Amino acid sequence: MNAPPRITRRTSVCPHDCPSACSLEVEILDGRTMGRVYGSEEQTYTAGVICAKVARYAERIHHPDRLLHPLKRVGPKGSGQFERISWDEALDLAAAKFLEAEREFGAESVWPYYYAGTMGLVMRDGINRLRHAKKYSGFFSTICINLAWPGFIAGTGRLAGPDPREMAKADCVVIWGTNAVATQVNVMTHATRARKERGAKIVAVDVYETATVKQADLGLVLRPGTDGALACAVMHVLFREGLADRDYMARYADAPEELEAHLSTRTPEWAAAITGLTVTEIEAFARLVGTTKRTFFRLGYGFSRQRNGAVSMHAAACIPTVTGAWAHEGGGAFHSNSGIFGWRKTMIEGLDVMDRSVRQLDQSQIGRVLTGDPVALRHGPPVKALLIQNTNPVSVAPEQELVKRGFAREDLFTVVHEQFMTDTALMADLVLPATMFAEHDDLYQGGGHQYVALGPKLIDPPGECRSNHEVIVALAKRLDAKHPGFDMTSRELIDWTLAHSNRGTLAELEEKKMIDCQPPFDRAHYRDGFGWKDGRFRFKPDWAKVPFANDGPMGPFDALPSLPDHWAVIEEADARHPFRLATSPARNYLNSSFTETPTSRAREGRPTVFVHPEDAAALGIAEGDLVALSNDRGEVKLHAKLFEGVKRGVLVAESIWPNSAYADGRGINTLTGADQAAPFGGAAFHDNKVALRRT
Ligand SMILES: Nc1nc2c(c(=O)[nH]1)N[C@H]1C(S)=C(S)[C@@H](COP(=O)(O)OP(=O)(O)OC[C@H]3O[C@@H](n4cnc5c(=O)[nH]c(N)nc54)[C@H](O)[C@@H]3O)O[C@H]1N2
Ligand SMILES: Nc1nc2c(c(=O)[nH]1)N[C@H]1C(S)=C(S)[C@@H](COP(=O)(O)OP(=O)(O)OC[C@H]3O[C@@H](n4cnc5c(=O)[nH]c(N)nc54)[C@H](O)[C@@H]3O)O[C@H]1N2
Ligand code: SF4
Ligand SMILES: [Mo]
């Protein structure tokens, strides 16, 4: 008789692009099979809680549609006609095409394009080593963080803040521009603990009544792109009602008097007209944070995905400086901890062979780049070959019509290394099958917390799947690219990176599983000064001096307001486009990932847009009608859902569905724009004017 299988539990990390970077306990049924996935109790931020889609990860990793073998296109682009080839044939073909492009158009005609489908440092960032070694076109990464991070750093001087676990010790938690219930569930764990244990109030600020807003004590639903006005009016009330901490500002801020004078006209009435909130709501919010020192502002990405997003982020981060909340345990503002880890990525990314004269192409402008826009190409050669890992631009990138036209070019050779036949893989000339997190070793860091952790290989990959590192190394060999990192295993790269970043060794990390990198209290709370030479928070930032890896000033940089304000550069509704559209995240998807898993798909239903019932009535739209959203960038058809939880004139389409799920095969990003926002570029995914009609 066979012994029953012995189920083991192993510690890992969720690899997906989510600030939570949850610590996982993964059931291993045998050398090839994963069982259920649990949140680790040991890691104090995850605290045993993970989202439902990852708890069901077996459904994704053992999905019958996983790519298992290299495929070569045999039909027209996008036809889905592929034939199976061997890895050697595939890698030889890719290398031959890259070398041909380089010979004819120069090395910059090859564009390695990647993003954070895996957050593992080796598998995500290793593609840069090949780029630098070959002087391929640079990748100016703008799609996610470029509006949020500079906005935060403009005030604090550093991308860090109080320990996120301190949310549990706050008397008020303000969840601003993040739908934490859907996008980073652990925020709710700590916020609700504060409510339960200390009677803390939870405030949520969003553009519709999300699951997070529903759980809040005070839910503020404002018009998209008006958070700067809300922040200014809150500070106006704080000054007016003696709730501003003048002693704190005298010691820790740059220009409190100027700020106060500037805010004198930013009244709640002024903000009510811009935001659509009532004066009562704004004043209640201001009084709550003004009388609660331990207010923890958890600032998300959502409200930064507006053309004025960096200014709004900065304005929100100014509030705890006016109240002095930073100085208190459970107080201050937190956006991301990405600034605390201090990695030395030389070996992973080949930074020692980087040539700064090589052009940088804007990730968000991939549509313009591939359709030959000279400005997007920086007046250089066309892109003739793409190597894509961990991202699905045909679905997720703005200006989708241009993106599709670019990918359809017969003279473009596209290699896509993927786990599934995504919208992007479907347009490829060569599709390579990729491993998933439990099938390779990698190193991870938190964004919404402070841990570094190891995600070890736990099971063998199916079919012929290979990791990103294996593919990069195999291509480097064929392309004659030289760097010591190409001769190292992923484990050796992890060990090198840990050691050279003063974080111990791989052997030590395997023993400990995770490292708590939380900086000391006084530093995290900026009690020893903000991240500028004079130690003072900037109400009046010098945007040009914001320490953020960037490619110079962009968008209407010179028009950036010098003090917090409502910056009127959003795509305002007009007569032809009377609605403002936000493309907020869907709870059961993660960007376009998990759209392939049947339970996520079933829970989401079909592509829909929330419409206020009065707007719907005025346009003769009934529940479930197929409607069209359009602007100068294109048209998208999806089903209307009547919902009182959006303001009149505002539409919300939870995303990102595969393009094929829409009536005409046009995905939601047909409507979003790729113009570079100030100060340093970035895509304003929630900032769109559109027309709405019944089809
Ligand atoms: N379930 C799920 N989880 C995810 C993702 C996902 O797609 N689905 N995506 C992952 C990724 S890549 C990231 S970067 C993070 C992002 O996660 P978040 O920080 O939560 O940011 P967003 O997802 O862009 O949007 C959050 C909320 O901002 C709201 N919003 C839009 N415009 C405005 C505005 O002008 N003002 C205000 N106050 N709110 C606004 C949206 O309606 C949305 O509810 O989440 C990650 N986690
Ligand atoms: N309309 C709208 N568009 C948006 C947003 C929005 O809010 N609204 N959000 C934007 C944001 S914040 C982001 S970050 C982007 C994210 O967009 P993407 O970076 O494209 O993220 P995903 O859609 O999750 O696609 C990641 C892909 O990587 C693959 N993958 C995962 N792990 C690996 C691996 O180890 N190796 C390889 N080779 N492949 C792997 C997955 O199968 C998946 O297809 O989308 C942006 N687009
Ligand atoms: S909440 Fe985010 S990090 Fe945690 S398991 Fe879900 S997707 Fe992964
Ligand atoms: Mo993101």
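Atom set for the values below is all heavy atoms of this structure, side chains included, hydrogens, waters and symmetry mates excluded. Everything numeric in this text was worked out from a predicted model, so none of it was measured. Just follow the structure's listing: the first ligand is 1, and inside any ligand the first atom is 1.
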**Asked** Is there at least one pair of N or O atoms, one from Asp17 and one from ligand 2, spaced under 3.5 Å apart?
**Response** no

**Request:** Quick one: look at Ile656 and ligand 2, take heavy-atom pairs under 4.0 Å, and tell me if it's side chain, backbone, both or neither.
**Result:** side chain

**Asked** What's the shortest distance from atom 10 (C) of ligand 2 to any protein heavy atom, and which residue and atom give it?
**Response** Phe685 CE1, 3.6 Å

**Asked** Do any nitrogen or oxygen atoms of Ser655 lie less than 3.5 angstrom from nitrogen or oxygen atoms of ligand 2?
**Response** no

**Shortest protein heavy-atom distance from atom 17 (O) of ligand 2, along with the residue and atom involved** = Val396 CG2, 3.3 Å

**Message:** Contact between Trp176 and Met313 at the side-chain level, heavy atoms closer than 4.5 Å - yes or no?
**Reply:** no

**Message:** If we set the cut-off at 4.0 Å for heavy atoms, which region of Met436 has an atom near ligand 2: side chain, backbone, both, or neither?
**Reply:** neither

**Prompt:** With a 3.5 Å cut-off and no angle check, do the side chains of Thr118 and Asn390 form a donor-acceptor pair?
**Reply:** no

**Prompt:** Relative to atom 4 (Fe) of ligand 3, how many protein N, O or S atoms have a separation of less than 2.8 Å?
**Reply:** 1

**Request:** Using a 4.0 Å heavy-atom threshold (strictly under), name the region of His16 that reaches ligand 2: side chain, backbone, both or neither.
**Result:** neither

**Request:** Give a yes or no on whether the backbone of Leu671 and the side-chain of Asn631 come within a donor-acceptor separation of less than 3.5 Å.
**Result:** yes

**Asked** Any side-chain donor-acceptor pair under 3.5 Å between His16 and Tyr57?
**Response** yes

**Item:** Glu596 bridged to Arg60 by N-O distance under 4.0 Å
**Value:** yes

**Request:** With heavy atoms under 4.0 Å as the rule, classify the contact between Thr422 and ligand 2 as side chain, backbone, both or neither.
**Result:** side chain

**Item:** salt_bridge(Lys689, Asp632) N-O dist < 4.0 Å
**Value:** no

**Asked** Once you round to the nearest 0.5 Å, how far does OG1 of Thr595 lie from CG of Asn588?
**Response** 11.5 Å

**Complete:** Any heavy atom of Asn468 under 4.0 Å from ligand 2? The part involved is side chain

**Message:** Between Glu439 and Lys457, does the salt bridge (charged side-chain N to carboxylate O under 4.0 Å, His left out) criterion hold? Intermediate values first, please.
**Reply:** CA-CA 5 Å; Glu439 299 158 359; Lys457 177 172 185 291; over 6 Å; no

**Asked** Relative to the ring of Phe152, is the ring of His335 parallel (under 30°), tilted (30 to 60°) or perpendicular (over 60°)?
**Response** tilted

**Asked** Do any nitrogen or oxygen atoms of Thr583 come within less than 3.5 Å of a nitrogen or oxygen of ligand 2?
**Response** yes

**Asked** Taking N or O atoms only and a 3.5 Å limit, does Tyr115 qualify as a polar contact for ligand 2?
**Response** no

**Item:** Protein contact to atom 7 (S) of ligand 3 [nearest heavy atom, distance to 0.1 Å]
**Value:** Leu590 CD1, 3.5 Å

**Prompt:** With distance as the sole test, does Arg66 use its side chain to make a donor-acceptor pair with the main-chain N or O of Ala434 at under 3.5 Å?
**Reply:** yes

**Met123 contact mode with ligand 2 (heavy-atom cut-off under 4.0 Å)** = neither

**Asked** What is the closest protein heavy atom to atom 32 (N) of ligand 2, and at what distance does it sit?
**Response** Gln419 NE2, 3.1 Å

**Message:** Rounded at 0.5 Å granularity, tell me how far CE in Met119 sits from CZ in Phe437.
**Reply:** 14.5 Å

**Request:** Record the part of Ser593 in heavy-atom contact with ligand 2 below 4.0 Å; permitted values are side chain, backbone, both and neither.
**Result:** both

**Request:** For salt bridge (charged side-chain N to carboxylate O under 4.0 Å, His left out), just list the numbers for Arg307 and Glu571, CA-CA rounded to whole Å, side-chain angles, deciding distance to a tenth of an Å, and then say yes or no.
**Result:** CA-CA 8 Å; Arg307 284 168 181 77; Glu571 207 174 78; 3.5 Å; yes

**Asked** For Lys345, does the NZ atom have more than 12 heavy-atom neighbours from other residues, nucleotides or ligands under 6.0 Å away?
**Response** yes

**Which segment of Ile668 sits under 4.0 Å of ligand 2 when only heavy atoms are counted** = side chain

**Fill in**
Here the atoms of ligand 2 under 4.0 Å from any heavy atom belonging to Arg305 are 12 (S)

**Item:** Test: Arg368 and Glu399 ion pair at under 4.0 Å
**Value:** yes

**Message:** Heavy-atom pairs closer than 4.0 Å: do any link ligand 2 to the side chain of Leu590, the backbone, both, or neither?
**Reply:** backbone

**Fill in**
For Thr118, the ligand 2 atoms with a heavy-atom partner under 4.0 Å come out as 32 (N), 34 (C), 35 (O)

**Asked** Using 4.0 Å as the upper bound for N to carboxylate O, is an ion pair formed by Asp687 and Arg580?
**Response** yes

**Item:** Taking atom 43 (C) of ligand 2 as the reference point, the nearest protein heavy atom with its distance
**Value:** Glu418 OE2, 3.2 Å

**Shortest protein heavy-atom distance from atom 18 (P) of ligand 2, along with the residue and atom involved** = Thr391 OG1, 3.5 Å

**Per-residue contact class, Arg124 against ligand 2 - non-hydrogen pairs under 4.0 Å** = neither

